[in-house]
Amino acid sequence: MRTWPSSPGLLAPLLPWFETRGRRLPWRAVDLEGEHPDPYAVLVSELMLQQTQVSTVIPYFEAWMRRFPDLVSLAEADPEEVLGHWQGLGYYRRARHLQAAARRLSSGGWPREPRALERLPGVGPYTAAALASIAFQLPVPALDGNLYRVLARLLHLRAPRAHGASLRTWLAPALATLGPSRVTQALMDLGALVCVPGTPNCPVCPLAGACRSLAKGDQEGIPLPVQRPAPKEVELWLLALEWRGRWLLSRPRERGLLSGLWRWPESLSGGGDGTTGTQVPSGVQVREIPGWVQIYTHRRERVRPLHVRVASPPPHAESFTWVTRSRLASLPMGRRDQRLRKALADGDGSDSCSGVPLGRILSSLA
DNA sequence: CACCCGTGGCG
DNA sequence: TCGCCAAGGGT
């Protein structure tokens, strides 16, 4: 860090660039000098933006702010409706964290210090720093993946996350001098528009003159890619069980994958030879719906959907419940289960039951 | 610290 | 088609 040039001077050219090229985003204040007029909007945007791209977030943010315009409206809302407004955005725990944070803030008021902000559910070191700098103008650097990449190239660091503490110390004077909210968001815009992953657009970069990686011709090898574990492979039946116009659904779980959301019953199918239990009981119609591969961060699912109509309801555990068709349409679901819901509405699939171990699938409900 | 948690866009 | 990875946090 001793060999790094002073941050206020190095980053000063960012401001005129940001003035003309910076993004206009729905949660961003017009005046970046003072405190943000609506810290709640910053909180909502930051939670939505965790591991999620800006273009994905924008429509969700706008619908959210129309329905839950302030802390109180969110605090008092039905949790299922809250999940409904998060439906499709992913990492659903964030929605429940956000409502829990709103409940705490609406009664206790806003803290401003990162330490205190970090005690809010769903708010970690990054988000606390983002709130402190963007909402409250405190000179606390918020380092996300974007910033790590920009700073890694600027200072030629192969593993910037290993220098987190040093980078925050180094960056703080730039925030204090040039404006916490402005510098933070200018760096984010630079990372999103110019210093992008892969091949950056160095010819238009306002910091090109100071960039050590560009000087070394090494801007694509910085930073080193992050190592990720291989996804788990899973194959499962996704069961749309229909009885007298009602559908059997799995109640939301407290934790784990797709927690808080309604799901279709599922039954692991990987490894089975498909020869046992293939007899279809009388009074049962089976329809296979074209499957697909569902990709999650740490999981790769081969989904085999089935539409099964029964004349009498099979025994099932209390974690399942029958819902009407209109109720089904209103329940919050993840993309996978939404997809099956839509396929049913569209009438996709064909009658077939070869190799479907229906007996085993139905018995897995009990 | 290792692992878990969703989804979509892009090369 | 496939791997990367995005304004991370919780346990």
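Per chain, numbering begins at 1; letters A, B, ... match sequence-line order.
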Aromatic contact between A/Trp247 and A/His307, with the criterion being ring centroids under 6.0 Å apart: yes or no?
yes

Examine B/dT7: is either OP1 or OP2 under 4.0 Å from a nitrogen or oxygen in the side chain of A/Gln294? Give yes or no.
yes

Value for NE2 (A/His85) from CZ (A/Arg66), rounded to nearest 0.5 Å, stands at 8.5 Å

Which residues satisfy the side chain to side chain contact (heavy atoms under 4.5 Å, CB included) test with A/Glu254, sequence neighbours excluded?
A/Arg96

Starting from P on B/dT7, measure out to CE on A/Met48 and report it in whole angstrom.
15 Å

Once you round it to whole Å, what is the distance between P of C/dC2 and CZ of A/Arg302?
12 Å

Kindly say if A/Arg335 contacts the phosphate of B/dG8, meaning a side-chain N or O under 4.0 Å from OP1 or OP2.
yes

C1' spacing across the pair C/dG9 / B/dC1, given as an integer number of angstrom:
15 Å

Please give, in whole Å, the distance from B/dG6 C1' to A/Leu261 CG?
10 Å

Are OP1 or OP2 of B/dT7 and a side-chain N or O of A/Tyr92 less than 4.0 angstrom apart?
yes

What does A/Ile295 touch in the nucleic acid at a heavy-atom separation under 4.0 angstrom: a base, only the sugar-phosphate, or nothing?
base

Scan residues 136-159 of chain A for pairs that pass side chain to side chain donor-acceptor pair (under 3.5 Å), counting only residues two or more places apart or in two chains.
A/Asn146-A/Arg149, A/His156-A/Asp218, A/Arg158-A/Asp218

How many whole angstroms separate atom CZ of A/Arg299 from atom C1' of B/dT7?
15 Å

Between CZ of A/Arg300 and C1' of B/dT7 the distance, given in whole Å, is 15 Å

Strictly by ring-ring contact (aromatic ring centres under 6.0 Å, His included), give each pair with a member in residues 9-52 of chain A just once, sequence neighbours left out.
A/Trp27-A/Phe61

Tell me what A/Leu89 touches on the nucleic acid: a base, only sugar-phosphate, or nothing, going by heavy atoms under 4.0 Å.
base

Can you tell me how far P in C/dA7 sits from the matching atom in B/dG11, rounded to whole Å?
15 Å

Only distances under 3.5 Å count here; give the side-chain donor-acceptor pairs of residues 187-195 of chain A to other protein atoms, sequence neighbours excluded, each with its distance to 0.1 Å.
from: A/Asp189; atom 1: OD1; to: A/Arg23; atom 2: NE; distance (Å): 2.9
from: A/Asp189; atom 1: OD1; to: A/Arg23; atom 2: NH2; distance (Å): 2.8
from: A/Asp189; atom 1: OD1; to: A/Arg28; atom 2: NH2; distance (Å): 2.9
from: A/Asp189; atom 1: OD2; to: A/Arg23; atom 2: N; distance (Å): 2.7
from: A/Asp189; atom 1: OD2; to: A/Arg28; atom 2: NH1; distance (Å): 2.9

With a 3.5 Å cut-off and sequence neighbours excluded, list the donor-acceptor pairs that the side chains of residues 99-106 of chain A form with protein atoms.
from: A/Gln99; atom 1: NE2; to: A/Leu74; atom 2: O; distance (Å): 3.0
from: A/Gln99; atom 1: NE2; to: A/Ala77; atom 2: O; distance (Å): 2.9
from: A/Arg103; atom 1: NE; to: A/Ala75; atom 2: O; distance (Å): 3.0
from: A/Arg103; atom 1: NH2; to: A/Ala75; atom 2: O; distance (Å): 3.4
from: A/Arg104; atom 1: NH1; to: A/Arg119; atom 2: O; distance (Å): 2.9
from: A/Ser106; atom 1: OG; to: A/Ala102; atom 2: O; distance (Å): 3.0
from: A/Ser106; atom 1: OG; to: A/Arg103; atom 2: O; distance (Å): 3.1

Whole angstrom is fine here: how far is it from CG in A/Leu258 over to C1' in B/dC4?
12 Å

Would you indicate, yes or no, if B/dC4 has its OP1 or OP2 atom less than 4.0 angstrom from a side-chain nitrogen or oxygen of A/Lys232?
yes

Using a 4.0 Å heavy-atom cut-off to protein, can you give one letter per nucleotide of nucleotides 6-11 of chain C, 5' to 3': B if the base is in contact, S if only the sugar-phosphate is, - if neither?
BBBBS-

Along DNA chain B (nearest heavy atom to each residue), the more 5'-positioned of A/Gln338 and A/Pro229:
A/Pro229

